[in-house]
Amino acid sequence: MSANHDQQMYYDFDLLSKLVVGIGEVADITGVPTRKIRYWEDKGIVRSVQEADGSTRRYDYLNIKKIVLVQELLEDGYTLDAAARKVEDRMKNINDIFQKIADKQNTPQP
DNA sequence: GTTCTCACA
DNA sequence: TGTGAGAA
């Protein structure tokens, strides 16, 4: 990983933005049971997207990431609400930072 | 395989 | 904070 950071990153974003998987696969990969994922969704901690035809839950990479992060915080002794708040704050901060970077690139200084 | 609800710890 | 069971 040296000469083509840009191209490598492009493929990563392209893959991640298209990554939408069903609840069963999320459960298998993350180790969080489907039952628990639905429970979190009922509490408003994660959100699933649904296809027009099917009624099954599907999760994009941001929500999968959320599931993993919340799970880690729970293992560290956080309550569910505290873990959810912390994850939400961290993801918002990251989003804000990249937003600033994007803004800076769109308005070059003279 | 998925969904929901009710009950239980 | 989660799980089990039953039914669709």
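Just the heavy atoms: all of them, side chains too, but no hydrogens, waters or symmetry mates, feed the values below. A note on names: the letters A, B, ... follow the listed sequences, proteins ahead of strands, and every chain is numbered from 1. These numbers were taken from a predicted model, which means no experiment stands behind them.
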Problem - Per-nucleotide pairing state of DNA chain B [Watson-Crick or G-U, under 3.5 Å; [ ] pseudoknot-crossing; | other strand] - result: .||||||||
Practice task
Nearest whole angstrom, please: distance from the P of C/dT1 to the CD of A/Gln71.
Solution key: 14 Å
Handout entry: Whole angstrom value for the distance that separates P of C/dG2 from CD1 of A/Ile67
Key = 13 Å
Practice task
Pick base, sugar-phosphate or nothing for A/Asp42, based on heavy-atom distances below 4.0 Å to the nucleic acid.
Solution key: nothing
Exercise for the section: Quick one: closest heavy-atom pair of A/Ala27 and A/Thr34, and the distance? Expected result: CB-CG2, 3.5 Å
Exercise for the section: Rounded off to whole Å, could you give me the NZ-to-P distance for the A/Lys36 and B/dT3 pair? Expected result: 17 Å
Exercise for the section: Scan side-chain atoms only and decide if A/Asn106 and A/Asp103 contain a donor-acceptor pair under the 3.5 Å cut-off. Expected result: no
Exercise for the section: Take atom NZ of A/Lys43 and atom C1' of C/dT3, then tell me their distance rounded to the nearest Å. Expected result: 15 Å
Exercise for the section: Quick one: label A/Arg38 by what it contacts on the DNA or RNA (base, sugar-phosphate, nothing), any heavy atom closer than 4.0 Å. Expected result: base
With a cut-off of 3.5 Å and sequence neighbours excluded, list every side-chain donor-acceptor pair involving residues 72-81 of chain A.
from    : atom 1 : to      : atom 2 : distance (Å)
A/Glu75 : OE2    : A/Gln71 : NE2    : 3.2
A/Thr79 : OG1    : A/Ala82 : N      : 3.1

Practice task
Establish, with yes or no, whether the OP1 or OP2 oxygen of B/dT2 is under 4.0 angstrom from a side-chain nitrogen or oxygen of A/Arg57.
Solution key: no
Fill in the blank from the handout: Comparing nearest nucleotides in DNA chain B, the 5'-proximal residue of the pair A/Arg35, A/Arg58 is A/Arg58
Completion exercise
In whole angstroms, the gap separating C1' of B/dT2 from CD of A/Glu41 amounts to 13 Å
Exercise for the section: Could you state the atom-to-atom distance from OH of A/Tyr39 to C1' of B/dC6 in whole Å? Expected result: 15 Å
Practice task
State, to 0.1 Å, how close A/Ile37 and A/Val46 come at their nearest heavy-atom pair, and which atoms those are.
Solution key: O-CG2, 4.1 Å
Exercise for the section: Could you verify whether a donor N or O on one side chain and an acceptor N or O on the other, from A/Ser48 and A/Glu41, lie under 3.5 Å apart? Expected result: yes
Handout entry: Short side-chain N/O contact from A/Trp40 to OP1 or OP2 of C/dT1, under 4.0 Å
Key = no
Problem - Heavy-atom side-chain proximity of A/Tyr59 to A/Val20 below 4.5 angstrom - result: no
Can you list, pair by pair, the side-chain donor-acceptor contacts under 3.5 Å of residues 86-95 of chain A, counting residues two or more places apart and other chains?
from    : atom 1 : to      : atom 2 : distance (Å)
A/Glu88 : OE1    : A/Lys66 : NZ     : 3.3
A/Lys92 : NZ     : A/Asp96 : OD2    : 2.8
A/Asn93 : ND2    : A/Asp89 : O      : 3.4

